[in-house]
Structure formats: structure tokens, C-alpha cells
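To start, the structure itself, in C-alpha cells.
Keep in mind the model is a prediction, meaning the values are calculated, not measured. These numbers come from the heavy atoms of this one structure, side chains and all, not from hydrogens, waters or symmetry mates.
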Amino acid sequence: EPIDNFVRQDGKLGMDSMTMPFPLAKGVSLDGFAPGDVVEATFEVRWKSQPRFQTTKLVKLPPDTPVRQGKAAGG
């Protein structure tokens, strides 16, 4: 989904929906998840170190949860 309040490195707001890898932080597991599951992910951004993005929490959502695709608001 797009993330309307994501603050990019240039200070502008918004991240359009996309597919990208998010490495898992220590202690975060994919156990119990399968391809196609609808999930809510919490991630942190570190502009000056690697990995730049890492997933810090995953929650499986009901399969009928609507998912918004497209551009971030104002993007």
C-alpha cells in the first residue's frame, strides 16, 4: 500500500505502493506466514546505515482486508 506519511530522505512525504524487500530485524520471524497473506508490517528506516529498511513487526490480517494500491496522497 502507499504510505502517505512516509518522510523520504529529501524531506518530501509519501511512498507509492510497490514491491520491495524488507529484511527482518532480529527476533522477527516469517513462521506462520505464507505467500499471499495480507499483513501489516512495521518497519524502521535508517538513512545512514545498512540495511536502510528493516521490518520490526509483522501481523497477519484477515484475508478479506482491503489493500489500497497506487500513489501516495499528494504524490
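- In the hydrophobic clustering of ILVMFWY residues, with side-chain heavy atoms under 4.5 Å counting as a link, Leu24 and Phe33 come out together.
- In this structure, Gly14 and Ala72 approach most closely via the heavy-atom pair CA-CB, 3.7 Å.
- Atom-to-atom distance recorded for Met20:CE and Met15:CE is 5.5 Å, nearest 0.5 angstrom.
- A distance of 10.5 Å separates OG1 of Thr56 from CZ of Phe22, quoted to the nearest 0.5 Å.
- Classification of Arg68 and Asp4 as a salt-bridged pair holds, one side-chain N sitting under 4.0 Å from a carboxylate O.
- If you take CZ on Arg8 and CD1 on Ile3, they are separated by 12.0 Å, rounding to the nearest 0.5 Å.
- Cluster membership check: Val28 does not share its hydrophobic cluster with Val59, using side-chain heavy-atom separations under 4.5 Å among Ile, Leu, Val, Met, Phe, Trp and Tyr.
- Residues Gln69 and Ser17 form a side-chain contact, since some pair of their non-hydrogen atoms from C-beta on lies under 4.5 Å apart.
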Can Leu58 and Lys60 be said to form a side chain to side chain contact (heavy atoms under 4.5 Å, CB included), step by step? CA-CA 7 Å; Leu58 283 173; Lys60 190 182 292 190; over 6 Å; no
Distance-only donor-acceptor hits, side chain of residues 38-50, under 3.5 Å, sequence neighbours excluded:
| from | atom 1 | to | atom 2 | distance (Å) |
| --- | --- | --- | --- | --- |
| Glu44 | OE2 | Gln54 | NE2 | 2.6 |
| Arg46 | NE | Pro51 | O | 3.4 |
| Arg46 | NH2 | Pro51 | O | 3.2 |

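- Between the side chain of Thr55 and the main chain of Lys57, no donor-acceptor pair closer than 3.5 Å is present.
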